[in-house]
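A short write-up of the structure that comes next.
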Amino acid sequence: MIATHYIYWLIIVLMMSGLYIVLSHGHLLKKLIGLNVFQAAVFLLYVSFGKVAGGTAPIVAPGIETYSHPLPAVLVLTAIVVGMATTSLGLALAVRIFREYGTLEEDEAIVAEASEHTAA
Amino acid sequence: MTHLPVLQVLIPLMGAPACALLRQRRAAWTLFLLVTGGALVCAVLLVLRMEQGSVRYALGGWPAPRGIEYVIDPLNAPMLALVSLIALIVAVYARPSVEAEIETRRIPLFYACMCLCVAGMLGVIATGDAFNAFVFLEITSLSSYALIAMGKRRRALLAAFRYLIVGTIGATFLLIGIALAYAVTGTLNMADLAQRLPDVYGNRALTAAVAFVVVGLAVKMALFPLHSWLPGAYAEAPSAVSTLLAGVGTKVAVYAFLRFALTVFGGSLVFGLLPVGSIGLVAACAAMVLASAIACFQRDLKYLLGWSSVAQIGYIVAGLSLATVDGISAGYLHMINHAVTKAALFAAAGVLLMRLGSVDLQALAGLGRRMPWTFAAILLAGLGLIGLPPTAGFVSKWALVLALVEQGQWFVVGAVLGSSLLAVVYVGRIVEIAWFREPPETPLLRPPAVPMVAMTWLLVLMSLYFGLSPVLPAALADGAAVAVAGRLR
Amino acid sequence: MTAPSLVGSAGGVLVLVGALVTLSGGVGLLRMPDFYSRVHAAGLTDTAGVGLIALGLILRAPDWGVVVRLLFILLFLLLTSPTATHALAQAARRDGVRVWTDGEPRR
Amino acid sequence: MTSEIELISLVLFAILVVTAIGITRLRGLYGAVMLAALFSLVIACLFVVLDAVDVAFTEAAVGAGISTVLMLTVLALTRAREAVTPRRRLWPAGIGSVLTGGLLIYGSQDLPAFGARDSPVQRHPITEAYLLESQNDIGVPNTVTSVLASYRGYDTFGELAVIFTAGTAVLLLLSYVPRHDPDFERRKLLLADYRILRVVSKILFPFIFLFALYVQFHGDYGPGGGFQAGVIFASGFVLYGLVFGIDNARRVVPRWLLRVLISSGLLLYGGVGLTSMLLGGTFLDYDALSPSHPVMGQHVGILLVELGVGITVAGVMTAIFFVFADRRVLQ
Amino acid sequence: MTATAWQPLLLPLAVASPLLGGVGVLLLRHRPNLRESASFAGGLAAAVTVLSLWAVVGTDLRFEMWTWLPGLTFAFHLEPLGLLFATVAAVLWPITTLFSIGYVRANGLPRQTSFYFYFAVAVAAALWIAFSANLLTLFVGYEVLTLATVPLVTHERSAAARRGGRVYLGLLLATSICLLLPAIVWTWLLTGSTEFVPGGLLAGHAGTGVLAVLLGLFVIGTGKAALMPFHRWLPEAMVAPTPVSALLHAVAVVKAGVFTVLKISIYTFGLDTLDSSGASTVMMWTAGITVLVAAGIATAKDNLKARLAYSTVSQLAYIVLGAMLASRVAALGGALHLVTHAVGKITLFFCAGAIYTSVRKSRVSELDGLGRAMPWTFGAFLVAALSIIGLPPLGGTWSKWLLLQGTADAGEAVMMAVLLVGSLLSLAYLLPIPLRAFSRPAPPGAVHGEAPPACVVPLVVTAAACVALFFVPDLIVGPLGRALELP
Amino acid sequence: MLLVAAMIGILTTMVLALVRALLGPTLYDRILAVNMFGTKTVIFVALIGFVMGRPQFLDIALFYALVNFVGTVAVLKLSHYRELDAVRSEEDVR
């Protein structure tokens, strides 16, 4: 079990740390970094399903018999791009939020909003 | 005709880059209108085609497990029509509303994002491939993050960012779920998955896969307690966007849940071996009661409606969680009816926002008399939320209670009814403030925009029509439920 | 390993030497007392290590395409690595990162 | 997997975990962003070890390249330090991640052994179809490209739409924002003073663009393709903007051109699909492009759609960087 | 008798005529005289249509509107009990309109257009309920009636009116949604139908336990019947203008409630089923307790309208009791009491309104000596009060008599005692009012006269009707008795 | 085997660079360490291509080199304007 599955568990540990960063930090940029870490670990999980022991990259060449599976790689390519799109959108939002609130800390922004609300 | 399934998605999707190239706001709007109109035509034709059986469309010409396919069956054809219809109505509604709320130079890009949002939803609904569903779900999500952030107040940005984080975590959970299912079967095609999965029932990886898919979609559909993003996001979004999203945004995730739970994993796993049904019922009860209760205490009309949406998702999930033909039919029916009703309410809120500059409940005091049409619309749609005859809400509540009683879920029936009572309270609050307070002397900001009021009323009348003569939506919902009847338990 | 064994093992040795040079750079990066001395360690060994390794790999390259790519990598790294370290050091000096003198605590 | 490679990947994993911990602990955000870039690079190395070279390429381009540059730009616009994370946030976060991890570990026990040849993934008929039949159907050695651009070409179409969405959304959010922040005015272009950097960069540009073209058109035979090429193109412009200032870069690639590029790539991709529809196939059925010689049609189709991907990606990445940097960071 | 082709159309016509009147009200909102004429004409048309239906009461008239869901149809059906209720509502409405013209104008009520409009909608809803052929149709009308009367209850727009409106809406909707709707759904599940069937739909479909629970759901769920503990809305709703209280809270709304209870007992459960299963015992006791407690509260109330409201609660419980005794005679008595109490109580409310219009007094203790100044009003009050108490020669006599017979029939001695004690209590809370007005001396300096004729004429008419009902009970309950197969 | 030994050496260097990146203390130390780390990954990828018998993957290595350079320039360009005092004097690890 350990010998055949430890890679998954390492990936899972990475995922957990990514998720922990997203959830625990109040800074918007840190959240996005955490999201990237989390997603990168998920991508690793995908790719690990395609790997064949002793295989190589699925670029067909003479003399090579064993290839790893190309499909997970394709899926991950798409997913990476989706993740990047999310990150850049999140960053754009972060820039706007900093403009409006003068901070990127979620807690501070919420406090600012609440105090404005009670003042008004 | 053979290309209808792909045209359904392609028309709005290709409309987006075209919109982005335009510089005239009216030109972009016209394009958006045409695109949604085209989508509706496709959807209606597809619904009509359903009489001859399901339609499969192999994209790229590669047969199913190798390539991606679109599968249109009675389960998703009505959803396509619903999304297209609401989108078309929103398109007509959007012109004055967007011109009032969005900077002129951004309008073409705004409509491009709207196109993408619609295209993404249609793509999720039409696809027969698990991973493709994820991709299109993300198109919808990304565009809606941006659209929500276009709201007038700065809180819109925070709401959009929160939605972005939560939504992405949800999407990643879905991704993990798909990965695990892939790992134990080696395929992504839904039909192929459905065929291979029963061999590995009991596999713990598959159990985890179900859990991740369900949790991921629960986030996207804002099921209690993963709903935190919804009220802010819907309330702060520009009127046209909140109308579209409140109408069909979460419904797409609900549909995806249905699709994954029943046709991919199979009801015997999800609702039989795993306790998803009971968990769904508990979450639904909590959503119905708690979210309705919270809605009663809101100070802002759009937040109130947002919380009400969380509650209404509870109704839908309650029906689906029963995993009986009647339950699914009831949930599906409520999906249709609530889409129309809630879109009407957000549309009316948009009219108010445009004319008053605020939808704070206190700002509505006494306006029922000065804006009779808008408030009558709110009242009628509000009755739909409560579920009183003769609105559409009554029909679905009837069907839902019936399905629940049939299964002896008295506790859930109690929650449904309790939630309706809370709906009486929050709708009653609006009515009381609008009609039983002294109207202010201040003049209104703008004259009413005819397309906005007209579309609001169109939605209200649809909700009334579906209430008086629910034959069409009921037939569609029954068709959908019957289509998955073989895979329930 | 398609290359003839003698050339191949010579290449291997070169690569190993390069790796050792790089390793020394790493140790330097960690152990040196201040920023400027670390730049020194990193910058020098980087270039030398990359050069040796690329050279070693060229000796083991199965075809010309690989050789050309390796040469490009070498060229690229030779251009950019010193530039980067140089710009870095200059930026640090502008910002007023102080130079360590003997007897001060390590930073 | 041979034991030394196993050892290598273990070390890489260790580095990843340490980096992740570093990211949480570091409150200076420049450091955190750089660690994130480092994380991404190491992940990319792992992808190489796991035989997913195209993924490694992309991950490096996205994680270590574009995302890092964008994050740094954002940092330059905002504050560089993070407040101390309040304790009340830690517990729910910990519980959430432990639950997620626990569920995954529970599920992972029944996953097929890592690297097994008889796992469901490897046994499924499409494996053979993708690896062997594709050589006859499509004739492209890099099966990742065949799957990406032909078998699952529609996914890639969706992916391109996602990029397009990101570009549109960022432009929607950030362009046309009135700039009146006096804080940005005092910035001076300091980096251009580094004469060496300027000279070296100038030497590099042609190589970068050449490399981009190579990656674009060599994607059939090796790692790479439209997306990676697009990113390389964009990184060329990014480098230009960084070294010579954003206004100069804007002169090279004006705003309208970017907008046209962003849209035209997606339109090209969709256009290929529509053409194949008009020629009697289904959407994106490249066989229809050359009915007499399907493999030819596949080649043409893949080439065109990869081009579409490259154009849009280059446009979007450049545009996003420009609107971020346009806020007087780089004057 | 078989129906001709056009006869079924009378049913929707009866429902539509008040609505048409309401539309006329809206259209003529700028011409007060014409507006009131439209309202009156609508009422008259409804009354005539309903009365004409008595000619065909034995006919199987059925009008199907549309199929809502498979197996669920919106339809009207003519049967004696429904016609009885329809007649009460339709005939008393024009009279009330007349009264309200006088009341509204004399008191300068604001927003008269919406007042008349919602009035018309409420009556239409009551007729809808009366003619409903099944539970579903009835439920729709029931909810519409609730909603249409809320604007009337809150007509004053004061804080008290808003609070009253909230309680009114909350209680009525709560009971109907939480109890009545599930009961209907359950019935549908048990039988596959919601139609009203002579002899009882549920007969043979459920055991005693289920029947008892269902009956509880139905009877308590019909919040309009004001059974304790869900009676609070009725006194709260007394903040409404008096004509509203008169028609809606003496006739349309509350009678819609007890009518629903009667109809469900007779046609959904079937009296025989109830009798043989004993499912109604609990509800019978509830009704009995309500009779006594509400009467007791009424005795203690000083506010005239509040006293009348608790009197209504008590009298409604008589009718529910009639249904719950599961005896045909009692059910017939309940049906008759529905009529006699309606006529009597509307008279009392008219009187209260006339008193308020004339002297602005709303407390019982303030009425000393008014009898001489307002002889017609207090005369009518006395007649109506005696009718409700059940003394001959007034209409109430027969209904109480039949109810007493019913208790004997059912062998419920305790309930008989309850009825008698309830009547005694009603003596105690109703009679002092006119006695006080006639016998006590007026406070010095008070100079009054009668209310305007538009107020006085209706109340005299209804008081006369109280007397008339004593002489023609068979005319009213004859068809129903035949339907219930009474000798 | 020699190549594998070399890879171990490269990996060790990476670890050392990582430690430096974590320790700081100044921002420039971090940049330097990350830059050096980047160069090491270039070598790593080049080597692993050879170890696994697919040396065609050098494209990736070349690309890593490019990314590394652009990244370093970006950090330099975008970092040293703001809050310098904060960055310089930070006691970074909580």
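In the text below, chain A, chain B and the rest are named by the order of the sequence lines, each starting its count at 1.
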>> Shorter than 4.5 Å, heavy atoms on both sides: which option in A/Leu32, A/Val82, A/Leu89 has the most such pairs with chain D?
In response: A/Leu89
>> Using the rule side-chain hydrogen bond (donor to acceptor under 3.5 Å, both in side chains), only one of A/Trp9, A/Tyr6, A/Tyr8 pairs with D/Ser108; which is it?
In response: A/Trp9
>> Between A/Ser17 and chain D, with a heavy-atom cut-off of 4.5 Å, which part of the residue counts as in contact: side chain, backbone, both or neither?
In response: side chain
> Which heavy atom of A/Thr66 sits nearest a heavy atom of D/Arg117, and at what distance?
Replying inline: CG2-NH1, 3.4 Å
>> Can you tell me which of A/Leu23, A/Leu19, A/Ile59 forms the most heavy-atom pairs within a distance under 4.5 Å of chain D?
In response: A/Ile59
> Got a second to check how far D/Leu99's CG is from A/Met16's CE, nearest 0.5 Å?
Replying inline: 9.0 Å
> Any idea which of D/Thr156, D/Ile66, D/Ile126, D/Leu10 has the most non-hydrogen atom pairs under 4.5 angstrom with chain A?
Replying inline: D/Leu10
>> For D/Phe227 and A/Leu77: C-alpha separation, side-chain torsions, deciding distance, then whether side chain to side chain contact (heavy atoms under 4.5 Å, CB included) applies.
In response: CA-CA 9 Å; D/Phe227 183 83; A/Leu77 281 179; 5.9 Å; no
> For A/Phe43, is it the side chain, the backbone, both, or neither that has a heavy atom closer than 4.5 Å to a heavy atom of chain D?
Replying inline: both
> Checking A/Gln39 against chain D: side chain, backbone, both or neither under 4.5 Å from a heavy atom?
Replying inline: neither
> Looking at CG of A/Leu71 and OH of D/Tyr151, how far apart are the two atoms once the value is rounded to the nearest 0.5 Å?
Replying inline: 11.5 Å
> Does D/Ala116 offer a backbone N or O that forms a donor-acceptor pair with the side chain of A/Lys51 under 3.5 Å?
Replying inline: no
>> Tell me the closest heavy-atom pair linking D/Val121 and A/Phe49, and the distance in Å.
In response: CG1-O, 3.9 Å
> Picking from A/Leu93, A/Val76, A/Thr56, A/Thr87, which has the most non-hydrogen pairs under 4.5 angstrom with chain D?
Replying inline: A/Thr56
>> Need one label for D/Glu128: side chain, backbone, both or neither, based on atoms under 4.5 Å from any heavy atom in chain A.
In response: neither
> Say you draw a straight line from CG of D/Leu70 to OG of A/Ser88; how long is it, rounded to the nearest 0.5 Å?
Replying inline: 6.5 Å
>> Is any side-chain heavy atom of D/Leu90 closer than 4.5 Å to one of A/Tyr20?
In response: yes
> Quick one: of A/Leu29, A/Asn36, A/Leu44, who has the most non-hydrogen atom pairs under 4.5 Å with chain D?
Replying inline: A/Leu44
> Is there a side chain to side chain contact (heavy atoms under 4.5 Å, CB included) between D/Arg27 and A/His25 once you walk through the steps?
Replying inline: CA-CA 10 Å; D/Arg27 283 189 291 125; A/His25 284 264; over 6 Å; no
> Once you round to the nearest 0.5 Å, how far does CG of D/Leu148 lie from OG1 of A/Thr78?
Replying inline: 6.0 Å
> Using a cut-off of under 4.5 Å for heavy-atom pairs, which of A/Val60, A/Leu14, A/Thr4, A/Val22 has the most such pairs with chain D?
Replying inline: A/Val60
> What's the shortest heavy-atom distance between A/Gly55 and D/Asp51, and which atoms?
Replying inline: O-OD2, 3.0 Å
>> Can you give me the closest heavy-atom contact between D/Ile23 and A/Lys30, atom names plus distance?
In response: O-CE, 2.9 Å
> Looking at D/Glu59, D/Gln135, D/Gln122, which makes the most heavy-atom pairs under 4.5 Å with chain A?
Replying inline: D/Gln122
> So which of D/Val313, D/Asp155, D/Thr143, D/Val162 has the largest heavy-atom pair count under 4.5 angstrom toward chain A?
Replying inline: D/Thr143
> A/Pro58 and D/Val144: which non-hydrogen atoms are nearest, and at how many Å?
Replying inline: CG-CG2, 3.7 Å
> Taking all atoms of both residues into account, what is the closest heavy-atom pair of D/Ala36 and A/Ile33, and its distance?
Replying inline: CB-CG2, 3.7 Å
> So among D/Thr100, D/Leu104, D/Leu103, which one has a side chain to side chain contact (heavy atoms under 4.5 Å, CB included) with A/Ile12?
Replying inline: D/Leu104
> Could you give the distance from OG (A/Ser24) to CZ (D/Arg88), rounded to the nearest 0.5 Å?
Replying inline: 12.0 Å
> For A/Leu104, is it the side chain, the backbone, both, or neither that has a heavy atom closer than 4.5 Å to a heavy atom of chain D?
Replying inline: side chain
>> Keeping A/His5 on the side-chain end and D/Phe114 on the backbone end, is there a donor-acceptor pair under 3.5 Å?
In response: no
>> Which one wins on heavy-atom pair count under 4.5 Å against chain A: D/Leu160, D/Leu16, D/Ile163?
In response: D/Leu16
> Who wins among D/Ala166, D/Gly158, D/Gly96, D/Gly115 for the most heavy-atom pairs under 4.5 Å with chain A?
Replying inline: D/Gly115
> Highest number of heavy-atom pairs under 4.5 Å with chain A: which of D/Ile21, D/Leu35, D/Leu131?
Replying inline: D/Leu131
> If you measure from CD on D/Glu6 to CD1 on A/Ile7, what distance do you get to the nearest 0.5 Å?
Replying inline: 6.5 Å
